[in-house]
Amino acid sequence: MIKISNISISVDYSESELLKKISKKLKCSEKEIKSFFLLKKSIDARKKNDIKFILTVAVECFNEEKVLKKNLKEKNISEYIPFDYKIPKAKKFEKSPVIAGFGPAGIFAAYVLALGGHCPVVLERGSDVDRRIEDIEFFNKTGILKPESNVQFGEGGAGTFSDGKLNTGINDERIKFVLETFVKFGANKNILYDAKPHVGTDVLRKVIKNIRNEIISLGGEIKFNSKFCGFSEKNGRISAVKYISENKEYEIETDNFILSTGHSARDVFRLLKEKNFVLSQKNFSMGVRIEHLQKDINKAMFGDFSENKNIIPAAYKQAVHLKNGRGVYTFCMCPGGYVVASASESGRLVTNGMSYSKRDGINANSALLVGIDPKDLKSEDVLAGIYLQEKTEELAFKAGGSDYKAPVIKTGDFLNRKCTDSFGKVLPTYPIGTRFAEPENYLPEFITDSLREGIVEIGKKMKGFDSYDSILTGVESRSTSPVRIERDEKRQALTLKGFYPCGEGAGYAGGIMSAAVDGMKCAECIAMENQ
């Protein structure tokens, strides 16, 4: 097949219009083209009065060698060779591999191992997704938190309830396998080519259940409400994994263990520190969620095209570097979305964002974050970043009234150092309720100062971002892990063979896709060890 990149076309294009573009690019007649399909679709919004789609397509022609030869000098035309992921082969394990955590990393590690016939056993401290939905809805209605079943813990991990965005900054061919797996188990096919693929929390719940059932059908086992709590070792290699279920402790013998418990499993970091694992501080971020009316974001991003159904709701990604040397950036932007109550610990308040598949909510929201360097922590303790997160979440809990209502302020009042006493045109979507409070009540001064400057600077780049009535809701504290569990080139912990720190919690991923890919790579390493 033939790959054609950088096809610029109307946002209202028809299939026949695209066919004409393809034939013109290839210098051949339309009759010579057997078929074509999209590989990538992105939006070029540099000219607000003339927005275009930029497409990459794969084309099948009747005489491809001749067509390719004719276009040898065209930089946007090349042979298309699809990536076919090969399941790693290995001898049958005497003892099943064990995985702790059933978020993106754990799911894809388990899936790859199950496809290879290796019958993984998965321990998930939280509930299955259906029970988890009930527990989260109960929390949203009552403010009564279930520490082991919430937005952070349970089947699918935090990603299940944070929009299902699948864009990533990594470049790895395994991404195609991950996307194809999501489609195979219920996601829309458009994620295979959208530049910013998105499943939606509502659809992702069903997809995760389907993958789980497939893992079980292949011989895997998923143990919910089973919390990893320790391990045994023999001759420098892991020999067993311990877990607690229904207040009883159990042990599974294994030679291979993938730890993919996520960045909110703080008890795991403390355990590994006690066990003298090599841990290190790493960069992370904290801040707030910012909410605007989605129609205002559409107008800011697409101008005259702001009501075109083919391109809205609009998304954005912004970053600025401040004079003080710090970076302020947006993350996990949720078009037509909602701010989520994401606490997992009593007395600590956390927010996140999500959208449903239709992205048809009134508001847009995004994390607005300030980068934190280990030197800001002024401590050699490897868990100093976690301590700062915990302190900030406790202060946010108090600022909101100590009942899981979230502290909020209008952006204009924050910029003018005033207290908010009423909302304007933007109303908060945080489900439990809100109370007016200044971010200084819960965030360090270097973060609030940077947020003020950053909002103004982003407002210069994106009209309306600094609008007075937009809302800041605190606190967004768990965008990534502040700790890395060091590992070697085979992805094993430096102090224990057969122990594989994996995914976002271990410090090796930054979202659903990168975590899933890291899970696959850890599964591959286990298979290679047993070839």
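The residues of the chain are indexed from 1 along the displayed sequence. Here the structure is a predicted model, which is why all the values come from computation and not from measurement.
- Closest of all the heavy-atom pairs between V151 and S342 is CG1-OG, 3.6 Å.
- A distance of 14.0 Å separates NZ of K189 from CG of D194, quoted to the nearest 0.5 Å.
- The two residues T473 and I471 make their nearest non-hydrogen contact at OG1-CG2, 3.8 Å.
- A salt bridge is absent between R131 and E124; no separation between the charged side-chain nitrogens and carboxylate oxygens falls under 4.0 Å.
- Shortest non-hydrogen contact noted between A105 and S260 is CB-CB, 3.9 Å.
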- request: Evaluate the criterion ring pair (Phe, Tyr, Trp, His ring centres under 6.0 Å) for residue pair Y500 and F257; output intermediate values, then yes/no.
  value: CA-CA 6 Å; Y500 296 82; F257 173 57; 9.2 Å; no
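- In this structure, K358 does not pair ionically with D202, as no charged nitrogen and carboxylate oxygen lie closer than 4.0 Å.
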field: Worked check of side-chain contact (heavy atoms from CB on, under 4.5 Å) between E476 and N352
entry: CA-CA 6 Å; E476 170 76 59; N352 201 341; 4.2 Å; yes
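- With Y430 contributing its side chain and Y338 its backbone, the two residues share no donor-acceptor pair below 3.5 Å.
- In this structure, the side chains of Y85 and K176 stay at 4.5 Å or more apart for every pair of heavy atoms.
- Using a 4.5 Å heavy-atom threshold, the side chains of I43 and K196 count as separate.
- Under a 4.0 Å N-O distance rule, the pair K223/E221 qualifies as a salt bridge.
- Side-chain contact between T201 and V340 is absent, with no heavy atoms from C-beta onward closer than 4.5 Å.
- In plain terms, the two heavy atoms of I244 and C229 that are nearest each other are CG1-SG, 3.7 Å.
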query: Does the pair V98 and Y243 meet the rule for a side-chain contact (heavy atoms from CB on, under 4.5 Å), with working shown?
result: CA-CA 11 Å; V98 177; Y243 68 97; over 6 Å; no
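- A donor-acceptor contact shorter than 3.5 Å links the side chain of R237 to the backbone of D255.
- At least one test fails for K275 against the ring of F499: distance under 6.0 Å to the centre or angle within 45° of the axis.
- Taking 4.0 Å as the cut-off between side-chain N and carboxylate O, R478 and E393 count as a salt-bridged pair.
- The number of heavy-atom neighbours closer than 6.0 Å to CZ of F185, taken from other residues, nucleotides and ligands shown, is above 12.
- Surrounding CD1 of I362 are at most 12 heavy atoms belonging to other residues, nucleotides or ligands under 6.0 Å away.
- Taking the charged nitrogens against the carboxylate oxygens, D130 and R212 have no contact shorter than 4.0 Å, which rules out a salt bridge.
- Counting only heavy atoms from C-beta outward, the side chains of C525 and Q492 never approach each other to under 4.5 Å.
- For F269 and F277, the gap between ring centers reaches or exceeds 6.0 Å.
- Formation of a donor-acceptor pair under 3.5 Å by the N225 side chain with backbone atoms of E246 is not found in this model.
- The nearest pair of heavy atoms linking G371 to D376 is O-OD2, 4.4 Å.
- Counting heavy atoms from C-beta outward, L349 and T351 have side chains that approach closer than 4.5 Å.
- Judged purely by atom type and a 3.5 angstrom limit, N150 uses its side chain to pair as donor or acceptor with the backbone of K146.
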task: Under the side-chain contact (heavy atoms from CB on, under 4.5 Å) rule, what do K521 and R174 come out as? Steps first, then yes or no, please.
output: CA-CA 9 Å; K521 289 181 176 179; R174 294 171 185 83; 3.3 Å; yes
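- Note that NZ of K227 is 8.0 Å distant from CZ of F153, once rounded to the nearest 0.5 Å.
- Between the side chains of S344 and Q152, not a single donor N or O lies within less than 3.5 Å of an accepting N or O.
- Using a 4.5 Å cut-off on side-chain heavy atoms (C-beta onward), R491 and Y508 make no contact.
- In E253, the CD atom is not crowded: 12 or fewer heavy atoms of neighbouring residues, nucleotides or ligands sit closer than 6.0 Å.
- Of the possible polar contacts, one joining the T429 side chain to the V339 backbone as a donor-acceptor pair under 3.5 Å is found.
- Looking only at distances, a side-chain donor or acceptor of S355 sits under 3.5 Å from a matching main-chain atom of P335.
- Geometrically, R125 does not engage F228 in a cation-pi contact defined by less than 6.0 Å to the ring centre and at most 45° from the axis.
- Using a 4.5 Å heavy-atom cutoff, the side chains of I107 and F102 are in contact.
- Atoms CG and CG, on L443 and L388 in that order, are 9.0 Å from each other to the nearest 0.5 Å.
- The NZ atom of K375 sits 13.0 Å away from atom CD of Q281, with the distance rounded to the nearest 0.5 Å.
- For the residue pair S285/Y329, the side-chain donor-acceptor check at 3.5 Å is satisfied.
- Between the T254 side chain and the S96 main chain, a donor and an acceptor come within less than 3.5 Å of each other.
- Around atom NZ of K40, no more than 12 heavy atoms belonging to other residues, nucleotides or ligands sit under 6.0 Å away.
- Looking only at distances, no side-chain donor or acceptor of E155 sits under 3.5 Å from a matching main-chain atom of D128.
- Counting heavy atoms from C-beta on, the side chains of I252 and L123 come closer than 4.5 Å.
- Between D488 and K497, at least one side-chain nitrogen of the basic residue sits less than 4.0 Å from a carboxylate oxygen of the acidic one, meeting the salt-bridge criterion.
- With hydrogens and angles disregarded, no donor-acceptor distance shorter than 3.5 Å links the side chain of T480 to the backbone of G510.
- One side chain, S280 or E486, offers a donor N or O that lies under 3.5 Å from an acceptor on the other.
- I512 CD1 to T160 OG1: the interatomic distance, rounded to the nearest 0.5 Å, is 7.0 Å.
- Under the 3.5 Å distance criterion, with hydrogens and angles disregarded, no donor-acceptor pair is assigned to the side chains of N283 and R484.
- In this structure, the side chain of T330 does not engage the main chain of L368 through any donor-acceptor pair within 3.5 Å.
- Between I175 and I170, the shortest heavy-atom contact is CD1-O, 3.5 Å.
- By the neighbour-count criterion of 12 heavy atoms within 6.0 Å, atom NZ of K282 is densely surrounded, having more than that number from other residues, nucleotides or ligands.
- Using a 4.0 Å cut-off between charged nitrogen and carboxylate oxygen, D403 and K405 count as a salt-bridge pair.
- The distance from the CZ atom of F224 to the CD atom of E148 is 14.5 Å, given to the nearest 0.5 Å.
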task: Test side-chain contact (heavy atoms from CB on, under 4.5 Å) on N256 and H118 and set out the steps.
output: CA-CA 11 Å; N256 296 283; H118 305 310; over 6 Å; no
